[in-house]
2 protein chains.
Amino acid sequence: MRDVAATVRGRRKDLGISQADLAARVGVSRAWINAVEAGKPSVEFDLVLRLLDHLGLRLDLAKPENLGDVFKGRSVDLDSVLDEYRDQ
Amino acid sequence: MRDVAATVRGRRKDLGISQADLAARVGVSRAWINAVEAGKPSVEFDLVLRLLDHLGLRLDLAKPENLGDVFKGRSVDLDSVLDEYRDQ
DNA sequence: AGTACTTGTCGACGCTCGACGACATGTTAT
DNA sequence: ATAACATGTCGTCGAGCGTCGACAAGTACT
């Protein structure tokens, strides 16, 4: 998430546009752009997607096939592996 | 966005767990999981991230360097290129 | 000095997300 | 048949997001 914030700000500065300009282009408020660049986690997903589109950025969904193979048919180890991803 | 929906549902089925189980693990309601898998766009970003984490999925921020080079110092073409990404 | 632009932040307010519970529909199994 | 589970969908409701407007602080340029 911090990655998104830093990348967005860096990208915007590279483009040489202000938060207000970017906000107008994306169709959101300037305060929202500011919040995203500050790393606010609870922002709506579709707005983030539109923002990244307007910045020429894309986020790809990476599915580690290794884990997929590991999981296949292993109903026993499934819980233990999943628990590694539980709430911090 | 539809990618996320389809991937999440496929991944969950591969893991062989129900929407209720996944919801409990992620810490969201079952209705929310259902909505995401249905492709609802206006969902909160951090919840999506937590969901993907629990599914063993990651989304990477891809920054096409070609565009970055193209943009550099070209304040004239900047608007035209940006306009290609305006509201559909 | 003054103007203009940018960024951070605040207090409202409307709107909708997400949670919860309940219900109807499958689907599976006993 | 009926019991158990999964999924889709519908109310209601509190909580939080996003918008608007305004303000202060910082920078730059005349």
Side-chain angles (χ1 to χ4, degrees), chain A residues 1-55 57 59 71-73 75-76 78-79 82 85-88, chain B residues 1-57 59 71-76 78-79 82 85-88:
Chain A
M1 180 63 214
R2 275 191 290 260
D3 294 351
V4 181
T7 307
V8 166
R9 167 171 284 146
R11 190 71 167 187
R12 179 178 59 81
K13 297 226 161 184
D14 287 351
L15 296 178
I17 61 180
S18 66
Q19 292 181 348
D21 281 350
L22 181 57
R25 283 200 172 82
V26 181
V28 295
S29 68
R30 186 178 63 84
W32 187 84
I33 298 284
N34 195 342
V36 170
E37 291 188 356
K40 185 182 187 189
S42 51
V43 290
E44 300 200 7
F45 194 63
D46 57 341
L47 296 183
V48 176
L49 289 184
R50 272 169 46 191
L51 169 62
L52 296 180
D53 271 358
H54 285 260
L55 284 176
L57 298 171
L59 36 85
F71 280 163
K72 258 175 192 161
S75 57
V76 184
L78 194 115
D79 282 302
L82 279 178
Y85 294 99
R86 71 160 168 277
D87 308 338
Q88 48 277 26
Chain B
M1 182 61 215
R2 276 191 287 260
D3 294 351
V4 182
T7 308
V8 166
R9 166 170 286 148
R11 191 71 167 186
R12 180 178 60 80
K13 297 225 159 183
D14 286 352
L15 296 178
I17 61 181
S18 66
Q19 291 182 348
D21 281 349
L22 181 58
R25 282 201 172 84
V26 180
V28 295
S29 68
R30 186 178 63 85
W32 187 84
I33 297 284
N34 195 343
V36 170
E37 292 189 355
K40 186 183 185 188
S42 51
V43 289
E44 298 201 6
F45 194 63
D46 56 341
L47 295 183
V48 176
L49 289 184
R50 272 169 47 193
L51 169 62
L52 296 181
D53 272 358
H54 285 260
L55 283 176
L57 297 169
L59 38 84
F71 280 163
K72 256 174 193 161
R74 301 272 208 86
S75 56
V76 184
L78 194 114
D79 281 302
L82 278 179
Y85 295 100
R86 72 162 167 276
D87 307 338
Q88 47 279 23

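Below, chain A is the first sequence line, B the second, and so on; all start at residue 1. Predicted model, so just to flag it, every value in this text is computed and none were measured.
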message: Does a side-chain N or O of Q19(A) approach OP1 or OP2 of dG8(C) to a distance below 4.0 Å, or not?
response: yes
- prompt: In whole Å, what is the span from the CG atom of L47(A) to the C1' atom of dC17(C)?
  reply: 12 Å
task: Given side-chain contact (heavy atoms from CB on, under 4.5 Å), test L55(A) with L22(A) step by step and report yes or no.
output: CA-CA 9 Å; L55(A) 284 176; L22(A) 181 57; 4.0 Å; yes
message: Can you measure L22(A) atom CG to dC5(C) atom P for me and round it to whole angstrom units?
response: 18 Å
- request: State whether the distance check finds a donor on one side and an acceptor on the other, under 3.5 Å, for side chain R30(B) versus base dG18(C).
  value: no
message: Nearest whole Å is fine: how far is dG16(D) C1' from K40(A) NZ?
response: 8 Å
field: R12(B) side chain near dA6(D) phosphate (N/O to OP1/OP2, under 4.0 Å)
entry: no
- prompt: Is the backbone N or O of V26(B) less than 3.5 Å from a side-chain atom of R50(B), with the two atoms forming a donor-acceptor pair by type?
  reply: yes
query: Rounded to whole angstrom units, what separation is found between the CG atom of N34(A) and the C1' atom of dT6(C)?
result: 10 Å
task: Would you kindly compare E37(A) and I33(B) by the position of their nearest DNA chain C nucleotide and give the one closer to the 5′ end?
output: E37(A)
message: I'd like to know whether D46(A) forms a side-chain contact (heavy atoms from CB on, under 4.5 Å) with V43(B), so could you lay out the CA-CA distance, the side-chain angles of the two residues, the decisive distance to 0.1 Å, and finally the verdict.
response: CA-CA 7 Å; D46(A) 57 341; V43(B) 289; over 6 Å; no
statement: E44(A) atom CD is separated from dG18(D) atom P, nearest whole Å, by 5 Å
- request: Establish, with yes or no, whether the OP1 or OP2 oxygen of dG8(C) is under 4.0 angstrom from a side-chain nitrogen or oxygen of R9(A).
  value: yes
- request: Could you say whether A31(B) or S42(B) is positioned toward the 5' end of DNA chain C, judged by the nucleotide with the nearest heavy atom to each?
  value: S42(B)
- request: Calculate, to the nearest 0.5 Å, the distance between atoms CG and CZ belonging to L51(A) and R25(A) respectively.
  value: 12.5 Å
message: By nearest atom, which of the nucleotides dG18(D), dT6(C), dT7(D) is closest to the S18(B) side chain?
response: dT7(D)
- request: Quickly work out the W32(A) CH2 to dC20(D) P distance and round it to whole Å.
  value: 14 Å
message: For dG18(C) and S29(B) - does any side-chain N or O of the residue sit under 4.0 Å from the phosphate oxygens OP1/OP2?
response: no
- prompt: To the nearest 0.5 Å, what is the distance between CG (L49(A)) and NE2 (H54(A))?
  reply: 11.0 Å
